Amino acid sequence: MKEGGKNMKCLAYVAIFIVFQIIVITIFALTVMKVKGPKVRFQTVTIQNFNSGSASSPSFSMDLVTKFAVKNPNFGQFKYSNSTVTILYGGQAIGSADVPSQKAKLKSTRRTDITISINSDKLSGNTTLASDFVSGVLNLTSECTLKGKVELLKIMKKNKSGNMNCTISLNLSTKSVQNFMCK
Ligand SMILES: *[C@@H]1O[C@H](CO)[C@@H](O)[C@H](O)[C@H]1NC(C)=O
Ligand SMILES: *[C@@H]1O[C@H](CO)[C@@H](O)[C@H](O)[C@H]1NC(C)=O
Ligand SMILES: *[C@@H]1O[C@H](CO)[C@@H](O)[C@H](O)[C@H]1NC(C)=O
Ligand SMILES: *[C@@H]1O[C@H](CO)[C@@H](O)[C@H](O)[C@H]1NC(C)=O
Ligand SMILES: *[C@@H]1O[C@H](CO)[C@@H](O)[C@H](O)[C@H]1NC(C)=O
Ligand SMILES: *[C@@H]1O[C@H](CO)[C@@H](O)[C@H](O)[C@H]1NC(C)=O
């Protein structure tokens, strides 16, 4: 075999190796190193200590017993600061609870039991409440912003946050959650 041919072959191997490396690095960059925000939602919601008035004098108070879930889609842990989860009726906050700071391990969901006491004290001027008592369904929404950081390979840290946006429908006659959905 000629020297030239050998060199060409060697160069070809180097070129193939470089292309292969670029592909590997690109795949790595697009999957493992890609940092996404966490999904924040309620996994379960149940009602305790339910008290309510009637359509002629609409009022309520209860505890929402929830499993608060933070799903971390990254290949590194997500560490978040303490926060607050708020329940609203027609855009008006009617109760809130603390969310403790925690860590969600890589590719996993961190669940925390959180109970939120709510009542209609702040809704006394709202006429929609009476019609909800007639229809028998009370719609609530929840909000929470979790701020934290994703740690990749212990060296790279990136700030990320997640927002909760759930709607909860309560059945006033069964005193239970009829339907809930999180975005
Ligand atoms: C987080 O905790 C600190 C100290 O306990 C407190 O001052 C702060 O208000 C909390 N933040 C939220 C969003 O609850
Ligand atoms: C009453 O609640 C409804 C939603 O059920 C909301 O659209 C409206 O803004 C509220 N009104 C007041 C005065 O808070
Ligand atoms: C409340 O729940 C009961 C029993 O499941 C059901 O029959 C009723 O239709 C519900 N009320 C509303 C307003 O959906
Ligand atoms: C409450 O939410 C349900 C869906 O969960 C919806 O079908 C219904 O129209 C809502 N009622 C009111 C008064 O907004
Ligand atoms: C990340 O968030 C922390 C507070 O949690 C803040 O001190 C820091 O400046 C932020 N870093 C960037 C790059 O935004
Ligand atoms: C929550 O989702 C609803 C639609 O389901 C949207 O109209 C609303 O703006 C969202 N709220 C926040 C705070 O993102």
Side-chain angles (χ1 to χ4, degrees), residues 29 33-47 50 52-60 62-64 66 68-70 72-74 76-106 110-120 122-183:
M33 301 303 281
K34 188 162 184 188
V35 179
K36 295 186 211 120
K39 272 216 165 81
V40 186
R41 57 208 303 272
F42 289 132
Q43 210 158 48
T44 60
V45 180
T46 56
I47 293 176
F50 182 96
S52 77
S54 60
S56 54
S57 111
S59 67
F60 61 84
M62 71 191 88
D63 294 335
L64 298 178
T66 74
F68 182 90
V70 180
N72 174 17
N74 299 293
Q77 74 171 356
F78 175 67
K79 234 166 136 174
Y80 54 91
S81 311
N82 64 321
S83 181
T84 306
V85 57
T86 306
I87 304 291
L88 306 97
Y89 173 89
Q92 166 74 53
I94 56 167
S96 65
D98 292 338
V99 177
S101 76
Q102 301 270 19
K103 292 172 195 165
K105 290 193 190 126
L106 73 158
R110 178 81 198 209
R111 296 174 186 84
T112 309
D113 293 319
I114 295 180
T115 298
I116 311 158
S117 298
I118 61 173
N119 63 60
S120 57
K122 294 219 175 87
L123 302 174
S124 52
N126 198 318
T127 49
T128 317
L129 194 56
S131 61
D132 285 352
F133 270 77
V134 173
S135 76
V137 178
L138 198 61
N139 284 349
L140 307 173
T141 57
S142 73
E143 280 178 11
C144 176
T145 299
L146 278 190
K147 289 186 179 155
K149 46 183 168 257
V150 176
E151 291 178 14
L152 283 179
L153 309 171
K154 302 263 175 208
I155 45 161
M156 232 181 87
K157 287 184 184 172
K158 210 164 178 191
N159 284 357
K160 277 283 162 189
S161 63
N163 289 308
M164 169 187 260
N165 184 357
C166 301
T167 57
I168 304 163
S169 297
L170 305 180
N171 184 318
L172 291 172
S173 52
T174 59
K175 303 176 180 172
S176 64
V177 175
Q178 177 141 311
N179 192 13
F180 86 96
M181 200 180 70
C182 296
K183 287 202 100 179

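The model shown is predicted, which means the values in this text are computed figures rather than measured ones. Order of appearance sets the numbers: ligands from 1, and atoms from 1 within every ligand. FYI, the numbering just counts along the sequence from 1. These numbers come from the heavy atoms of this one structure, side chains and all, not from hydrogens, waters or symmetry mates.
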Does atom NZ of Lys160 have more than 12 heavy-atom neighbours from other groups under 6.0 Å away? yes
Go through the side-chain N and O atoms of Ser117 and Asp63 and say whether any donor and acceptor fall under 3.5 Å apart. yes
Is the closest side-chain donor-acceptor distance between Tyr89 and Asp132 under 3.5 Å? yes
Quickly, which of Ile168, Ile116, Val85 forms a side-chain contact (heavy atoms from CB on, under 4.5 Å) with Thr66? Name it, please. Ile116
Given the options Asn82, Val70, Asn163, Leu146 meets side-chain contact (heavy atoms from CB on, under 4.5 Å) only with Val70
Is a side-chain donor or acceptor of Asp98 paired with a backbone partner of Pro100 at a separation under 3.5 angstrom? no
Strictly distance-based, threshold 3.5 Å: is any side-chain N or O of Thr141 a donor or acceptor partner for the main-chain N or O of Cys166? no
Should you measure from each heavy atom of Asn82, which atoms of ligand 1 turn up under 4.0 Å away? 1 (C), 2 (O), 3 (C), 8 (C), 10 (C), 11 (N), 12 (C), 13 (C), 14 (O)
Does [atom] have any protein heavy atom closer than 4.0 Å?
atom: atom 11 (N) of ligand 5; answer: yes
atom: atom 14 (O) of ligand 5; answer: yes
atom: atom 2 (O) of ligand 4; answer: yes

Among all protein heavy atoms, pick the one closest to [atom] and tell me residue, atom and distance.
atom: atom 5 (O) of ligand 5; result: Lys149 NZ, 4.8 Å
atom: atom 4 (C) of ligand 4; result: Ser169 OG, 4.0 Å
atom: atom 6 (C) of ligand 4; result: Asn139 ND2, 4.2 Å

So if I count the atoms of ligand 4 from 1 in the order they appear, which ones are less than 4.0 Å from some heavy atom of Asn179? 5 (O)
Give the atoms of ligand 4, by number and element, whose distance to some non-hydrogen atom of Asp132 is under 4.0 Å. 13 (C)
So is Asn159 polar-close to ligand 5, meaning N/O to N/O under 3.5 Å? yes
